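Everything on this sheet refers to the single structure shown next.
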Amino acid sequence: MAENYNYKESELKWRKFWETEGIFKFSLKNKAKVYSIDTPPPTVSGKMHIGHAFSYSQQDFIARYKRMAGFNVFYPFGTDNNGLPTEKLVEKLKNVKSTRMPRNEFVELCDNTVKEILPNFIEDWKIIGMSCDFSNSYSTIDKHCIKTSQKSFLDLFKKNLVYQQTAPTMWCVHCQTAIAQAELEDKELDSTFNDVQFSLEKGDKITIATTRPELLGACVCIYVHPTDKRYKNLIGKNAIIPLFGYKVPIFADESADPEKGSGIMMVCSWGDKYDAEAIAKRKLTPRIIITPDGKMNSFAKQYEGLTIKDARKQILSDLEKEGLLIAKKPIKHVVNVHERCGTEIEFLSTKQWFIKILDNRNKFIEAGKTIKWYPEYMFTRYKHWIENLGWDWCISRQRHFGVPFPIWICKKCSEVLVAEESELPIDPLEKKPSKKCKCGSSEFTADNDVMDTWATSSVSPQIILNWAKDKGFDASMELYPCSLRPQAHDIIRTWAFYTIVKGVYHENKAPWKDITISGHVLDPKGEAMHKSKGNAVEPSVVLDKYPADALRFWAAGSKLGDDLRYLEKDLVTGQKTVTKLWNASKFTLLQLQDFKSKPKKLEAFDIWILTKLNKLISNSTKNFDNYDYYKVKADVELFFWRDLCDYYLEISKDRLYNPDKRGVQERVSAQYTLYSSLLNTLKLFAPIMPFITEEIYHMHFSEKEKIKSIHLCSWPIPDQSLIDEKNEEIGDKLIEIISEVRKEKSQKSVSLKESVKEIVLPFKESEVKDFIEDLKSVTKAEKVSFGKKLEIKL
RNA sequence: GAGCCAGUGAUCUAGUGGCUAUGAUGUCUCCUUUACACGGAGAAUGUCGAAGGUUCGAGUCCUUCCUGGCUCACCA
């Protein structure tokens, strides 16, 4: 055995071994119960980030445990590479603008770029030791996924759960597409709260406070609260819009808050959701003033063509010139921005596809209740999100690289014709429908729109299910619901929620039995990591310096749902544990070279450590079953470091080194104990540190156990016959004595090797006699006697 | 504004009613000991956020408050 462990060499070696030997390949022949994991397909970006390394490690602990625990683990790997995030990446990598090139060229460029970067991207997941079946990887833009996604749409269409509507929807003027509520983010911006003077027909003046003066030309009516005494006389009158000069009616409406601003509110098309509701309620004709690319249109008169920002500036300055700007207070306010680009969202009236979700909120909450959430409180977050939903799910995007809607629109009667399931996957821009429209016409147009990326990733359970079926999956293997959905908490409102929606609509039940939610990685100060903040840590940099096992060991240090700070010292601790395993194994395996048969009888201290080991196995099993990998990590670490290395290895040395003095059977007993303790420690650590455990396993145990990978070994079962509480209690007391002797030597600045003349033990001889020889050797005591009080005579 | 989570030695952390509160990192002292100095032995450091309450007994349960983080909402 080499002096030092070369993790770089070793990790690469085992990664290749697992792949060429197909260790994690899903087996159709395996008749064991299936444990299926609805793995998150990471969005293809340049590189894996540390948050990925963290949460994917956590799910891999579970996958590896379940595999050892005897399940036939179905653990496919996928990547999410369609839709806006992929387009953004391609635009950045290739320095292009999708709006400035032909659509098909851009789509092709996306396709090629994804193919180009995918292998390297996936490699990062292999490096951290993910035990997915990489021979079966899906991509959300591949034919199979497009088919599954389009099939989902057809099913919703048939069930009347999807509809197309022209209405004000949230719009990103930068990405030039509609977006969904879940894609909003808060951003605090500097702005001004402006008191603007409006005139009434008879020359009276009123003041309205607004943060959005550029929408003056979009104002269609004015609200005051019905009980607001100040403004009772305004109701029913008209107001004249400053700078624009047209008249709008003044209504009484509950939605005007007398406390806010001047208590008078202008309704514009559209400042927010409530404006849209107000205009619909009053049946007013909207004055839509913003173009899809964020400029002012002809309603803005002299401001036409300006950007929103410029129009705001110009209008404010003109108001000021006219003496109509009564006050301008600087404020900080929080606005909704598009999460992908940070642009403030607008409301535009466009034709979009929506999946009905508002009507069935209760169903989604009920379905959520049938899933076991780890940690439990994450369900509350899910529930609150649903309770606060304000919109149906807008799934159409005015983009290019994504799943096309499997529909055509009749040129003559505008009827929607949907594709047949057998035609899928289909691009209606390239293929004509196989039948005529109801009206007899065969002239159709197809939509340029594509689906929201979540519309596809939300069918990930169906993607892997259909895929398994295609591969000849035995129908008796229950795949839906999946056993587990692992993901991070930032996408509860998107991925988890949308997948449950689709599950309820397509299969009438929740998509998984369990869901585990990982936290985020924070910087050393406990703040969120952002590339722009410069505090992000790259896994490749970490892995250049530390073993992947150390990274995983660190990731095992926090419980599900908890955020974890990235502190380099924790990686050092992980690395030390790897080294310690190597060194302890070096010693142990050397002692095991001639170990063949079981001992006739176990020595007292051997029973002591085996008792602790079997209790540890029992607890670790329980903890892993509850997804409490952090407890397993902490318990095994403590057992290994303290009980096994600090105490037992030292205790066993005399018997191992001096069989002529201590007896051959006594040595065999120690060998047996070491074999069992080390092998089981390795197994317990294997899900967390797969590389070092595999390395050590292959140095000795694979030959004896006849299983080609530690990750295919069965999870240890506690041997109740080896648990001896009485023995453990006495052993613990003697461990304390050993500790006292060490303390005494340490305080006297004497080496631990130094012999002790006599130890007087505060026990009855009969009670501890089986331990005495080992106690004498480990403490280097020349003589042991028994008395009332502990005495250590150096 | 609402909800959720958390507040334990210098730092991070375990601990869901019961002996002198766990472990790690850091600090200090000692030990080159035949697995390991990426080690070992030991020491010091805690009014368990605050105040009340329940209980024979509370870090652990309840109430209120304070602080931090997250999520959602408001954002004329």
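A note on names: the letters A, B, ... follow the listed sequences, proteins ahead of strands, and every chain is numbered from 1. From a predicted model like this one, the values you see are computed outputs, not experimental measurements.
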Pairing partner (Watson-Crick or G-U wobble, both distances under 3.5 angstrom) of B/A14
none
Taking only the side-chain heavy atoms of A/Ser746 (C-beta and beyond), determine which of B/C30, B/C74, B/C38 contains the nearest atom.
B/C30
RNA chain B nearest-nucleotide lookup for A/Tyr630 and A/Lys753: closer to the 5′ end is A/Tyr630
Would you classify A/Glu650 as touching base, sugar-phosphate or nothing, given that sugar-phosphate means primed atoms plus P, OP1 and OP2, and contacts are heavy atoms under 4.0 Å?
base
Under 3.5 Å, is there a donor-acceptor pair linking the side chains of A/Asn535 and A/Asp523?
yes
Comparing A/His520 and A/Arg212 on RNA chain B - which has the more 5′ nearest nucleotide:
A/His520
Note, A/Tyr627 side chain near A/Lys559 side chain (heavy atom, < 4.5 Å):
no
Which nucleotide in B/A35, B/A73, B/U25 has an atom nearest any side-chain atom of A/Gln181
B/A73
Look at all strands and tell whether A/Thr577 reaches a base, only sugar-phosphate, or nothing, counting heavy atoms closer than 4.0 Å.
nothing
Taking only side-chain N and O atoms of A/Ser751, does any of them lie within less than 4.0 angstrom of OP1 or OP2 on B/U32?
no
Rounded to the nearest 0.5 angstrom, the CG-CD1 distance for A/Asp562 and A/Ile517 is 13.0 Å
Could you identify the nucleotide paired to B/G46, looking across every strand shown and requiring Watson-Crick or G-U wobble geometry with both distances under 3.5 Å?
none
So does A/Lys576 get a side-chain nitrogen or oxygen closer than 4.0 Å to the phosphate oxygens (OP1/OP2) of B/G39?
yes
In Watson-Crick or G-U wobble terms, with both distances under 3.5 Å, the base opposite B/U60 is none
For a quick check of understanding: with a heavy-atom distance under 4.0 Å over all strands, which category does A/Ile208 fall into, base, sugar-phosphate or nothing?
sugar-phosphate
Is A/Glu782 atom CD crowded by more than 12 heavy atoms from other residues, nucleotides or ligands, each under 6.0 Å away?
yes
With the sugar-phosphate defined as primed atoms, P, OP1 and OP2, and the base as all remaining atoms, what B/S/- string results for nucleotides 2-11 of chain B, 5' to 3', for protein heavy atoms under 4.0 Å?
-SSS------
Side-chain N or O of A/Lys586 versus OP1/OP2 of B/U34: is the shortest distance under 4.0 Å?
no
For A/Thr579, report the nucleic acid contact type (base, sugar-phosphate, nothing); a contact means any heavy atom under 4.0 Å.
base
At less than 4.0 Å, is any side-chain N or O atom of A/Trp641 found next to OP1 or OP2 of B/G40? Yes or no.
yes
Any donor-acceptor N or O pair under 3.5 Å, side chains A/Gln58, A/Tyr629
yes
Listed by chain and number, what are the side chain to side chain contact (heavy atoms under 4.5 Å, CB included) partners of A/Phe347, not counting sequence neighbours?
A/Met170, A/Trp270, A/Asp272, A/Ile345, A/Trp391
Identify whether NZ of Lys or CZ of Arg in A/Lys281 sits under 6.0 Å from the centre of the six-membered ring of A/Phe251 and within 45° of that ring's axis.
no
Would you classify A/Tyr274 as touching base, sugar-phosphate or nothing, given that sugar-phosphate means primed atoms plus P, OP1 and OP2, and contacts are heavy atoms under 4.0 Å?
sugar-phosphate
